[in-house]
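Every chain is numbered from 1 and lettered A, B, ... according to where its sequence line falls, protein lines coming before strand lines.
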There are 2 protein chains.
Amino acid sequence: MFEKYVKLLKENSIKITPQRLEILKYLDENRTHPTADQIYTGLKEKNPSLSKTTVYNSVETLEEHGLIQSLTISGSESRYDFRNDMHHHFLCKKCGTIIDIDIKCPNIGKMLESGHKVEEVHGYFKGICKDCMKKETKQNGS
Amino acid sequence: MFEKYVKLLKENSIKITPQRLEILKYLDENRTHPTADQIYTGLKEKNPSLSKTTVYNSVETLEEHGLIQSLTISGSESRYDFRNDMHHHFLCKKCGTIIDIDIKCPNIGKMLESGHKVEEVHGYFKGICKDCMKKETKQNGS
DNA sequence: ATGTTAAATTGTAATGATTACAACTTAGAA
DNA sequence: TTCTAAGTTGTAATCATTACAATTTAACAT
Ligand SMILES: [Mn+2]
Ligand SMILES: [Mn+2]
Ligand SMILES: [Zn+2]
Ligand SMILES: [Zn+2]
């Protein structure tokens, strides 16, 4: 059940705790880029002793070690992503969904020449997602 | 003094108020991507009656009309940019500076094919800026 | 120029996400 | 099994942002 996450934590010399395992598993199984609160609520029922502070502490640790990444796409709250590889995101202003966009940033080469040391790359698009566009079209009849 | 900003507001049919003119001028003259609080503090002395709520209201209006744009690069607070054209940013984790990166995103073409309606494009790089790298090199002697 | 009114400004209070902190618990090493 | 540094928990504090109601004002019509 948790072997995969135990392995991940061990490989990164992070202490193995039930809370961290649950949070990792939740993020792995919920690729919706959930907020800290969504992680907390999603796990609280099966883990009644879980504290929201622990969720914050855990995602911070996991991010520091590069196991997960956090997104500041929405402004009001951080979102967490099990995927730690570089990829872009699309935020739908209508339904709030955050979609993975699997494209590489071709600008990294230029950034390396700039003299700045690049450690993170974030690409965010915002607009109306495909599904919401379909719904709009239906309503308008156009 | 303010003709430029009066013109901008008029062109966009936004009511002209002293506060909006001051805020626009501040953003034009401070291309550091300041926070709402920095705008407020920067103007408060010369405009003692200014309210922080007005700063929030004003930047919201200005952004809605496309006169300025807001960045969610830092996570903890929004930053405002007089430039409204598409460009990328670099956030230095050491000194906190946000630098304009004048490159276009070559991925927009692909996004148009995706079926999603793209309204905003944000590209953020994070790391250590050129200046902070120089200082580090001096210290390490390497 | 004056009056009118919808919109803008202001100050304060409420909200909501995140962090600080101190007491308690536990994972992992010896 | 014992020990202890690290992790967890609950609560309180912080900080950015928003809500709201009273006051003021920009822009338009007279
Ligand atoms: Mn993702
Ligand atoms: Mn900029
Ligand atoms: Zn949508
Ligand atoms: Zn720097």
Side-chain angles (χ1 to χ4, degrees), chain A residues 2-3 5-24 26 33-65 67-68 70-80 96, chain B residues 2-3 5-24 26 33-65 67-68 70-80 96:
Chain A
F2 287 105
E3 309 80 29
Y5 312 108
V6 170
K7 186 159 169 278
L8 274 174
L9 293 177
K10 268 191 182 154
E11 285 171 356
N12 290 272
S13 357
I14 305 173
K15 248 189 195 175
I16 293 153
T17 71
Q19 291 86 350
R20 286 173 179 168
L21 292 172
E22 289 284 2
I23 291 168
L24 261 182
Y26 183 89
H33 312 91
T35 65
D37 191 68
Q38 286 170 331
I39 299 170
Y40 172 74
T41 304
L43 295 174
K44 184 70 175 173
E45 197 175 356
K46 297 267 180 182
N47 308 77
S49 78
L50 182 65
S51 166
K52 198 179 277 187
T53 302
T54 299
V55 174
Y56 279 106
N57 289 339
S58 297
V59 292
E60 187 183 12
T61 301
L62 294 173
E63 184 180 15
E64 279 170 4
H65 287 80
L67 281 184
I68 66 172
S70 71
L71 314 181
T72 59
I73 187 172
S74 88
S76 57
E77 48 198 2
S78 288
R79 296 181 164 270
Y80 300 94
Chain B
F2 287 105
E3 308 82 26
Y5 312 109
V6 171
K7 186 158 170 277
L8 274 174
L9 293 178
K10 266 190 185 155
E11 285 171 353
N12 289 272
S13 359
I14 305 172
K15 245 188 197 176
I16 293 153
T17 70
Q19 293 86 350
R20 287 172 178 168
L21 292 173
E22 289 283 1
I23 290 167
L24 261 183
Y26 183 89
H33 311 92
T35 64
D37 190 70
Q38 286 170 332
I39 298 169
Y40 172 72
T41 305
L43 295 173
K44 185 67 175 174
E45 197 174 356
K46 297 266 180 181
N47 308 76
S49 77
L50 182 65
S51 165
K52 197 178 279 185
T53 300
T54 299
V55 175
Y56 279 107
N57 290 338
S58 297
V59 292
E60 187 185 11
T61 300
L62 295 174
E63 183 180 17
E64 280 170 3
H65 286 79
L67 281 183
I68 66 172
S70 71
L71 314 180
T72 59
I73 187 171
S74 89
S76 58
E77 49 197 2
S78 287
R79 297 179 164 273
Y80 301 94

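When distances run from any side-chain atom of B:Glu77 to the nucleotides C:dT9, D:dA16, C:dA17, the shortest one goes to D:dA16. Candidate nucleotides C:dA8, D:dT17, D:dG7 were compared by shortest atom distance to the side chain of A:Thr17, and D:dG7 ranks first. With distances taken from any side-chain atom of A:Tyr56 to the nucleotides D:dT17, D:dT9, C:dA17, the minimum falls on C:dA17. Taking only side-chain atoms of B:Ser78, from C-beta outward, the nucleotide of D:dT9, D:dT17, C:dT18 with the closest atom is D:dT17. Among C:dT10, D:dT9, C:dA27, the nucleotide with an atom closest to any side-chain atom of A:Gln19 is D:dT9. Of the candidates D:dA26, D:dT17, C:dT10, the closest approach to any side-chain atom of B:Pro18 belongs to D:dA26. Here the side chain of A:Lys15 is nearest to one of C:dA27, D:dT9, C:dT18, namely C:dA27. Among C:dC21, C:dT18, D:dT18, the nucleotide with an atom closest to any side-chain atom of A:Thr53 is C:dC21.
Between the side chain of B:Thr54 and the main chain of B:Leu50, no donor-acceptor pair closer than 3.5 Å is present.
Among all heavy-atom pairs drawn from B:Phe2 and B:Glu22, the shortest one is CZ-OE2, 3.6 Å.
A straight line from CG of B:Leu50 to P of D:dT24 spans 17 Å, rounded to a whole angstrom. Distance CG (A:Leu21) to C1' (C:dG28): 14 Å, rounded to an integer number of Å. With rounding to whole Å, B:Asp37 atom CG is found 16 Å from D:dT14 atom P. Atoms CD (A:Gln38) and P (C:dG16) sit 15 Å apart, rounded to a whole Å. Remark: C1' of C:dT9 and CD of B:Glu60 are 14 Å apart, rounded to the nearest angstrom. Here C:dA8 presents its P atom at 11 Å from CG of B:Leu62, a figure rounded to the nearest Å. Atom CD1 of A:Ile39 and atom C1' of C:dA17 are 14 Å apart (whole Å). Counting to the nearest Å, the P atom of D:dA16 and the OH atom of B:Tyr40 are 13 Å from each other.
Along DNA chain D, the nucleotide nearest B:Lys52 and the nucleotide nearest B:Ile16 are compared for position; the residue whose nucleotide lies closer to the 5' end is B:Lys52.
No contact: B:Thr35 has no heavy atom under 4.0 Å from any strand. Counting non-hydrogen atoms under 4.0 angstrom, B:Asn57 reaches a base of the nucleic acid. Residue contacts shown for A:Thr61 are absent, as no nucleic acid heavy atom lies under 4.0 Å away.
A side chain to side chain contact (heavy atoms under 4.5 Å, CB included) with B:Leu67 is found for exactly one of B:Val59, B:Thr61, B:Leu62, namely B:Leu62.
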Check your understanding: Where do A:Glu77 and A:Asp37 land on the side-chain contact (heavy atoms from CB on, under 4.5 Å) test, with the steps shown first?
Key -> CA-CA 9 Å; A:Glu77 48 198 2; A:Asp37 191 68; 5.9 Å; no
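Residues forming a salt bridge (charged side-chain N to carboxylate O under 4.0 Å, His left out) with A:Lys44 (at least two apart in sequence, or on another chain): none.
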